[in-house]
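Please read these numbers as outputs of a predicted model, since none were measured by experiment.
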Amino acid sequence: MPSFQRAARDALANTQQRRNLAHATATIRAKRERVVGEVDRWEDLRVAGAEAKDEALHHLPDYLEQLEANLTARGATVHWARDADEANAIVLGLIRDKGADEVVKVKSMLTQEIELNERLEEAGIHAWETDLAELIVQLGHDRPSHILVPAIHRNRAEIREIFLREMGSVGRPAPKDLTDEPAKLAEAARLHLREKFLRAKVAISGANFAVADTGTLVVVESEGNGRMCLTLPETLISLVGVEKVLPTFADLGPMLQLLPRSSTGERMNPYTSMWTGVTPGDGPQEVHVVLVDNGRSRVLADEVGRQALRCIRCSACLNVCPVYERAGGHAYGSVYPGPIGAVLNPLLRGTGSEVDKSLPYASSLCGACFEACPVRIDIPQLLVHMRTQVVDEASGRSPEALGMKAAAWTFADHRRLETAQRASSLSGRLLGNRTVRSVPGLGAWTQARDVPTPPKETFRQWWRRTHEDES
Amino acid sequence: MSSSQSTPLTGTERTSVLPGTGLTVALFATCFNDTLWPEAPRATVTLLERLGCRVVFPREQTCCGQMFTNTGYADDATPLVRKFVDTFERFDHVVAPSGSCVGSVREQHAMLARRSGDDGLLQAVEQTAPRVRELSELLVDVLGVTDVGAYFPHRTTYHPTCHSLRMLHVGDRPLQLLRAVRGIDLVELPSATECCGFGGTFAVKNADTSIAMGADKARHVRGTGAEVLVAGDNSCLAHIGGVLGRQRSGVRTLHLAQVLASTEEDPA
Ligand code: SF4
């Protein structure tokens, strides 16, 4: 992956995408603000949500064992996966045992994170996404660019084109007279998906929450397609990140208020599905739960960084982020875009690669993300923390590092600062007026902005001239 | 304070009331303002003296370390934290005409001290940092004034900078102060709370995104028809002003302190 800066520059040139993103995020931002404003004790809810997640994270092994015991007691089979390879291998083995060559899928960030669809495809198994937006992304041979609205970068006309072009090659074709009316597009998707729901023997899901004290998994969604996957097939395989665990069923209370209001701007989400193991004669008769680590224990070990594991993937931080709004999701180089992606990706993967080194800098630190986050993740603090890690791991001999050293030396003593100021105000005097059009070395900085030159008299010179005698 | 507070004050009486009489305030000019935009700390001094405060400028001061901290150079920032407390810990009131520098002192100095493992430094920071205030906080909370007797007869719009808004939670204090300025035609800025795109090194490291954000902010400013854009942070103003200047928009940028210091006799 290229660095964020490079990817963002390309994305900024895509004016259609910029318009789509600006429109979509502004709409959802306004909706969210309205419904959050309705709740008197929103701050208390945020604290309750953060505390429930922290309790789970601080005693993670205990709650995971409790979850496993309760799931097993209720007829589910629990598997553990250390990383993406192990998780994919477990899922592949289970599907092969069933002799299936296709699966239906509930939208899941974790399966994207471990690239499950790609691995299944290589093994000759078709994985059909059933979430409307995921379907658009899958049919468009595209990558999601938003946690909640993966096709946020597409408009209706583009979606119509994708449906007409692609649906026929993987199942029921779109009607020839398809228009770009939302209802017509939704109907085409419904008909296309219906035959897949009815045929599939195996379904794959993630989970929004996994309750330790009851062994209950929870999926929250808007369309009902997820519920079709969770109830129709004979076998259900759920991949769950270890950070999804909640201590008690009561903890769902704040969560199910925080999540829909923060994510879609709704008071309640249309579909909340909960299942606890296997119920004879009702729903899937074989339930597998794969508990996946894939870098999460590494995040947990970082005392400052671990709060990122509280994330409930509501995407509120994306929708309020001015950088995300302009650069789009793809620039973040992973399934987790936006402010949370800028910290979570380098936390999960380390800061070795170009993109992971650049992500902590993909923010102006404006703080809008922290203000919006329903579980109070201090993303600006985490960004600074990860920047420090990037700098600490570097050689310390980059031009930037040397510049910082020199500046720190100057600031260590006011007499050095005064000497430096004399030199810069001298250059200011030589330049005469207070505006320069370009400064060598600052490059893009001055491309679109005028830069002031130093004034003829610094503040401290003025102070000495006007006040020094008195004090 | 005067006992005739119940009667509305006229312009001349206003300046005769000195809410801060006797109060000593240490000025943290900030390295950026000291070197590049001395008008803001100068206006801060003029204003506070007009309000009856004794202003002190400890010469040993340099920089709060914000640029180092926010770019990831925590090791280079820590000695500056030490220098900051050494310079300012003896004062009850410290003021800086910069929301982001005050934000850095109040929100990040403790983090840096903790990271350095120096308990003495952490203690000194915890004593000093809460006494460091942004200009509008000092005026409204400590001096208890919103009408500072300023005169500024111009169509003006106000950009609440991110750090003032979300780190310091200054709320509408700057607007309370601006609304009380005589002659001002204060117009609301659309999407005011959205970041201007400066963000320190962000403007250099992600120049394209930064400029896209700055251009939108400049468009909103021009849409108000204001002659003057006001904010409490010169770095944001320089960024937006840089875009406005390149567009030859004719909009002036002024620091909040300059507007509040402006009078009929000495206009900004
Ligand atoms: S970080 Fe917070 S706001 Fe962002 S997706 Fe996660 S829970 Fe939502």
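- For B/R82, no part lies near chain A; criterion is any non-hydrogen pair under 4.5 Å.
- Per-residue counts of heavy-atom pairs under 4.5 Å with chain A were compared for B/L244, B/D216, B/T161, B/N33; the largest is that of B/D216.
- Between the SG atom of B/C31 and the CZ atom of A/R460 there is a distance of 9.5 Å, given to the nearest 0.5 Å.
- Put simply, of A/E325, A/E418, A/R18, A/K405, the one with the most heavy-atom pairs under 4.5 Å next to chain B is A/E418.
- The greatest number of non-hydrogen atom pairs below 4.5 Å with chain B, out of A/A327, A/A8, A/A368, is found for A/A368.
- Closest heavy-atom contact between A/A362 and B/F202: C-CE1, 4.2 Å.
- The side-chain heavy atoms of A/H467 and B/V55, taken from C-beta on, include no pair separated by under 4.5 Å.
- Summarising the geometry of A/P455 relative to B/T35, their closest heavy-atom pair is CD-O, 3.0 Å, with the distance given to 0.1 Å.
- Between chain A and the residues B/I240, B/T209, B/N206, the most heavy-atom pairs under 4.5 angstrom are made by B/N206.
- For B/T193, no part lies near chain A; criterion is any non-hydrogen pair under 4.5 Å.
- A donor-acceptor contact shorter than 3.5 Å is absent between the side chain of B/D208 and the backbone of A/Q5.
- Looking only at heavy-atom pairs under 4.5 Å with chain A, the residue among B/E194, B/Q108, B/Q247, B/M111 that has the most is B/E194.
- No donor-acceptor distance shorter than 3.5 angstrom exists from the side chain of A/S364 to the backbone of B/G199, with no hydrogens or angles considered.
- Using the six-membered ring where Trp is involved, A/F411 and B/F68 have ring planes that are perpendicular, over 60° apart on the 30 and 60° scheme.
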